[in-house]
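Residue numbers begin at 1 in each chain, while the letters A, B, ... track the order of the sequences. Heavy-atom basis, side chains included; hydrogens, waters and symmetry copies ignored.
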Amino acid sequence: MTIRTRFAPSPTGYLHVGGARTALFSWLYARQHGGTFILRIEDTDLERSTAESVDAILQGMTWLGLEYDEGPFFQTQRFPRYQEVIRQMLKDGQAYHCYCSKERLEILRTEQMARKEKPRYNGKCRQGVANPPAGVMPVVRFKNPHDGVVVVEDIIRGRVVFQNSELDDLIIARGDGSPTYNFTVVVDDMDMNISHVIRGDDHLNNTPRQMNMLKALGFTPPVYAHVPMILGPDGARLSKRHGAVSVMQYRDDGYLPEALLNYLVRLGWSHGDQEIFSIDEMIKLFDVTQVHSSAAAFNPEKLLWLNQHYIKDGDPKHVAHHLSHHLGKLGIDPSQGPDLIEVVKAQRERAKTLAEMAINSAFFYRNFDSYDAKDAATHLKPEVEKPLTQLRESLAALPRWEAPTIHDAVSGVAEAQGLKLGKIAQPLRVAVAGRAISPPIDVTLTLLGRDKTLERLDAALEHIRIQPVTA
RNA sequence: GCUCCCAUCGUCUAGUGGCCUAGGACGCUGGCCUCUCACGCCGGUAACAGGGGUUCGAAUCCCCUUGGGAGCGCCA
């Protein structure tokens, strides 16, 4: 059997982490079986769908690396096909026109709720309407069976049984003739030969209706896998008020796509005690049937930890590639300064995000505007003028500008002055980096280069001389 | 309200009847390392929602309660 999975977002917003997770699961499933992954844009809601959202979703998929083999297909371009199926169903008596007004339906719903019943269409027009009211564009409803049950053999939920008596005749075409969601899904899954539908469990209740329509059309339903939703850290359904839910927001905040993917794959699924999964490992080890049936809460701290891990252990070249995007946002051109890959190697252990790393690395590429006030007050004091002056001479005289010789020079001056290394390294650090945070001082100076180092040392000495002696 | 789904540390999870005085990870926290910030290393904190069964034996199976979630649209 050929495996064909699909991701079918509606373009009414950005790609959010919940969607990204179901997309990942579908993609993984297709990849591990040598199958096909299809992207389908469900834009039948003309009111809410936007081209910007389509772009945002495509962009998110690309950034995550979830490449699709077919698509993107747009449902709005398949209207003729839906009309064709609707006509056929009407003709075969599997669907019928309904002239009930929205108002009447609303009253019906209210009455049913008052009677503590599940609100549903009562089938008024099901047997045909003798005198269709003039000027009313009827909707088309699917004739759902009255009796029997629909059994969903969900590969992550297990067997779920629905009574047909609980289901009503859903609308498959609006008054204006446009098809509705539950219907287009059925036609598309059928036409696209989808073998496995992996989607959010908010669709579990739609499944029996879809299966009934598939059956009416003579098509064997695909295998279903309903993955639980993602909850916010507070246990409520994940939403915008929980902060970042957009995939692209994570890019902008300095996350690596592999970190997000790794975080998402471990949400509701595990492989023993393993926490770190490369894409290849995910493809090899992921098992949809083992996905938890309970909802999982999104934990930003753990994502951050994973991001740090990938920054720290990832290929420096790869990290540098993504870092340059963030340096660019700071107005920095990484080609004007030390080799970015070397900067990454120096900084990788001290940043949880690329945005943070960019800020921490800015001083390599441009002069800082001012010293961190607290760090300057602590370290750029009159008593370091002498050691720093001596250090300046020592550094200026070095035959070669490389880490070991720089280190020897710094510790040599410290020793000569009877100071611990930190007593000289810290002022030096503030002098060149603007604050008391940087990679090891010898590495920092090596990357910064001799000219800038001496230049900034001179500026620091000047700063020490002109500051008021009251301190 | 009705239907469906779910329930192990704060969070993600291991666990599929004895290996569990419940393991790992994030977080938090004590210590070590140290030129800063970090990384790393060692240690600590903390859970089977409650009640009934089944069984020689239950976190694991069944039922009930409670608590969460989803659906019930001419939205997807």
(Q) Evaluate A/Lys345 against A/Glu342 for salt bridge (Lys or Arg N to Asp or Glu O under 4.0 Å), listing each step before the verdict. (A) CA-CA 5 Å; A/Lys345 286 180 184 168; A/Glu342 294 306 314; 3.5 Å; yes

Q | Watson-Crick or G-U wobble partner of B/G1, both distances under 3.5 Å | A | B/C72

Q: Counting heavy atoms from C-beta on, name the nucleotide in B/C4, B/U36, B/C74 closest to the side chain of A/Thr180.
A: B/C74

(Q) Treating A/Asp169 as the side-chain partner and A/Lys143 as the backbone partner, does any N or O pair qualify as donor plus acceptor under 3.5 Å? (A) no

Q.
Checking base pairs now: Watson-Crick or wobble, both atom distances under 3.5 Å. What partners B/U54?
A. none

Q: Could you pick out which residue, A/Ala425 or A/Ser178, lies toward the 5' side of RNA chain B when each is mapped onto its nearest nucleotide?
A: A/Ala425

Q: Taking atom C1' in both B/U8 and B/A47, compute the distance separating them and give it to the nearest angstrom.
A: 6 Å

Q | C1'-based separation of B/G1 from B/U21 [nearest Å] | A | 47 Å

Q: Ignoring backbone atoms, establish whether A/Thr44 has a side-chain N or O less than 4.0 Å from OP1 or OP2 of B/A76.
A: yes

Q) Is a side-chain donor-acceptor pair under 3.5 Å present for A/Asn164 with A/Asn212? A) yes

Q: Could you please spell out the steps behind the salt bridge (Lys or Arg N to Asp or Glu O under 4.0 Å) verdict for A/Glu275 and A/Lys302?
A: CA-CA 10 Å; A/Glu275 296 288 351; A/Lys302 189 155 186 177; 3.1 Å; yes

Q) Going by heavy atoms closer than 4.0 Å, what residues in residues 105-117 of chain A are next to RNA chain B? A) A/Arg109, A/Met113, A/Lys116, A/Glu117

Q) What residues, two or more places apart in sequence or in another chain, satisfy side-chain hydrogen bond (donor to acceptor under 3.5 Å, both in side chains) together with A/Tyr121? A) none

(Q) Strictly by Watson-Crick or wobble contacts shorter than 3.5 Å, is anything paired with B/G40, and which nucleotide is it? (A) B/C32

Q | Side chain A/Ser394, main chain A/Gln390, donor-acceptor under 3.5 Å | A | no

(Q) Using the rule side chain to side chain donor-acceptor pair (under 3.5 Å), only one of A/Thr22, A/Thr207, A/Asp201 pairs with A/His226; which is it? (A) A/Thr207

Q: Quick one: which residue pairs count as a ring-ring contact (aromatic ring centres under 6.0 Å, His included) with a foot in residues 132-189 of chain A, not counting sequence neighbours?
A: A/Tyr181-A/His203

Q: Report the residue from A/Thr76, A/Thr184, A/Thr12 that forms a side chain to side chain donor-acceptor pair (under 3.5 Å) with A/Asp43.
A: A/Thr76

Q: Taking syn as within 90° of 0 and anti otherwise, name the glycosidic form of B/C33.
A: anti

Q | Who pairs with B/U66 - Watson-Crick or G-U, where each distance is under 3.5 Å | A | B/A7

Find every protein N or O atom lying less than 3.5 Å from an N or O atom of nucleotides 12-16 of chain B, and list the pairs.
from	atom 1	to	atom 2	distance (Å)
B/C12	OP1	A/Ala297	N	2.8
B/C12	O2'	A/Arg266	O	2.8
B/C12	O2	A/Lys302	NZ	3.3
B/U13	OP1	A/Gly268	N	2.1
B/U13	O3'	A/Ser270	OG	2.9
B/A14	OP1	A/Ser270	OG	2.9
B/A14	OP2	A/His292	NE2	2.6

Q: Answer with base, sugar-phosphate or nothing: what part of the nucleic acid does A/Gln308 contact at a heavy-atom distance below 4.0 Å?
A: sugar-phosphate

Q. Can you list, by residue number, the residues of residues 162-170 of chain A that have a non-hydrogen atom closer than 4.0 angstrom to RNA chain B?
A. A/Phe162, A/Glu166

Q: Show your reasoning for whether salt bridge (Lys or Arg N to Asp or Glu O under 4.0 Å) applies to A/Asp191 and A/Arg78.
A: CA-CA 11 Å; A/Asp191 287 355; A/Arg78 290 175 44 77; 2.8 Å; yes

**Q.** Base paired to B/U60 (Watson-Crick or G-U; both N/O distances under 3.5 angstrom)
**A.** none

**Q.** Which nucleotide in B/C35, B/U36, B/A76 has an atom nearest any side-chain atom of A/Ser10
**A.** B/A76

Q: Have a look at A/Asp375 and say if it touches a base, only the backbone sugar-phosphate, or nothing, with a 4.0 Å heavy-atom cut-off.
A: nothing

Q. Closest nucleotide of RNA chain B for A/Ala351 versus for A/Val160: which of these residues is on the 5' side?
A. A/Val160

Q.
So if I take every side-chain heavy atom of A/Lys118 and compare against B/A70, B/C35, B/C72, which nucleotide ends up nearest?
A. B/C72

Q: For A/Lys420, answer base if it contacts any base atom (sugar-phosphate contacts may also be present), sugar-phosphate if it contacts only those atoms, and nothing otherwise; contact means non-hydrogen atoms under 4.0 Å.
A: nothing

Q. When we call it a touch if two heavy atoms are under 4.0 Å apart, what does A/Asn206 touch: a base, just sugar-phosphate, or nothing?
A. base

Q: May I ask you to verify whether the side chain of A/Arg350 and the base of B/C39 hold a donor-acceptor pair under 3.5 Å?
A: no

Q) Of the nucleotides B/C4, B/U36, B/C35, which one has an atom closest to the side chain of A/Asn205? A) B/C4

Q) Say you pick atom C1' in B/G30 and the same atom in B/G23; how far apart are they, in whole Å? A) 22 Å

Q: Could you tell me how the ring of A/His318 sits relative to the ring of A/His322: parallel (under 30°), tilted (30 to 60°) or perpendicular (over 60°)?
A: perpendicular

Q.
For A/Phe277, give me all partners under ring pair (Phe, Tyr, Trp, His ring centres under 6.0 Å), at least two apart in sequence or on another chain.
A. A/Trp269

